[in-house]
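Heads up: the structure comes next, in structure tokens.
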Amino acid sequence: MAIDYSAGAGLYPCKTVRRTSRLRYKRFDSVAEALRYAIEDMPPSMLRGTVLEVEETRYNSQQMRTLYEADAYPLPRRDM
């Protein structure tokens, strides 16, 4: 899966049943920053159902994790 990690990206967190989450659509200057936020900062329960949109292409949570774990990912990863 080839992607330009420097491209702008939009992150659409999943909708919760109770709608108690304050996480909303967020725009990032780069795909790498969006992936870091989704994987490292969002609650893991929210990742499922979250969508990353890059230049009209959408990526689900499994695809986001694959992009984050790829050797091409340009940012340092937090030890988890």
Side-chain angles (χ1 to χ4, degrees):
M1 180 179 331
I3 192 166
D4 178 2
Y5 285 97
S6 64
L11 191 67
Y12 297 86
C14 74
K15 294 184 180 180
T16 61
V17 174
R18 295 183 185 164
R19 297 195 181 260
T20 55
S21 172
R22 296 179 194 244
L23 295 175
R24 302 280 184 256
Y25 169 80
K26 192 168 179 163
R27 183 81 185 148
F28 292 86
D29 290 335
S30 74
V31 171
E33 291 171 358
L35 289 169
R36 178 170 29 195
Y37 176 79
I39 304 296
E40 296 180 4
D41 296 332
M42 283 178 51
S45 62
M46 294 284 298
L47 187 58
R48 187 170 182 207
T50 295
V51 173
L52 175 71
E53 186 174 78
V54 182
E55 298 172 352
E56 299 184 20
T57 301
R58 292 180 175 227
Y59 299 90
N60 64 31
S61 60
Q62 185 176 10
Q63 292 168 316
M64 285 189 279
R65 185 159 294 283
T66 299
L67 291 168
Y68 176 80
E69 293 172 353
D71 291 337
Y73 180 76
L75 300 177
R77 293 173 188 88
R78 185 184 305 157
D79 291 332
M80 299 176 76

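Along the sequence shown, residues carry numbers from 1. Predicted model only: the values in this text are computed from it and were never measured.
Here the side chains of Tyr59 and Ile3 are in contact, with some heavy-atom distance below 4.5 Å. Two residues are said to be in side-chain contact when any heavy atoms from C-beta on lie closer than 4.5 Å; Ser61 and Leu47 meet this criterion. Between Arg48 and Asn60, the closest side-chain pair of non-hydrogen atoms is not below 4.5 Å.
Taking each heavy atom of Leu35 and Met64 in turn, the nearest pair found is CD2-O, 3.6 Å. The heavy-atom pair separating Met46 from Pro13 by the smallest distance is CE-CB, 4.1 Å.
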Practice task
Carefully, step by step, assess Met42 and Leu11 under the rule side-chain contact (heavy atoms from CB on, under 4.5 Å).
Solution key: CA-CA 11 Å; Met42 283 178 51; Leu11 191 67; 3.8 Å; yes
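Of the possible donor and acceptor atoms, none in the side chain of Tyr25 sits under 3.5 Å from a partner among the backbone N and O of Gly10. Side-chain N or O atoms of Tyr5 include one that pairs as donor or acceptor with a backbone N or O of Leu67 at under 3.5 Å. Listed for the Arg36 side chain is no donor-acceptor partner under 3.5 Å among the backbone atoms of Arg77.
Phe28 meets the ring-ring contact (aromatic ring centres under 6.0 Å, His included) test with Tyr37; sequence neighbours excluded. Taking the side chain to side chain contact (heavy atoms under 4.5 Å, CB included) definition, one finds that Ala7 meets it with Asp4, Val31, Val54, Glu55, sequence neighbours left out. Shown here are the side-chain hydrogen bond (donor to acceptor under 3.5 Å, both in side chains) partners of Glu53, two or more places apart in sequence or in another chain: Arg58.
Interatomic distance, Tyr68 OH to Ile39 CD1, rounded to the nearest 0.5 Å: 7.0 Å. The line from OG of Ser30 to CG of Leu75 is 6.0 Å long, rounded to the nearest 0.5 Å.
The pair Asp41-Lys26 does not meet the salt-bridge criterion, since no charged nitrogen lies less than 4.0 angstrom from a carboxylate oxygen.
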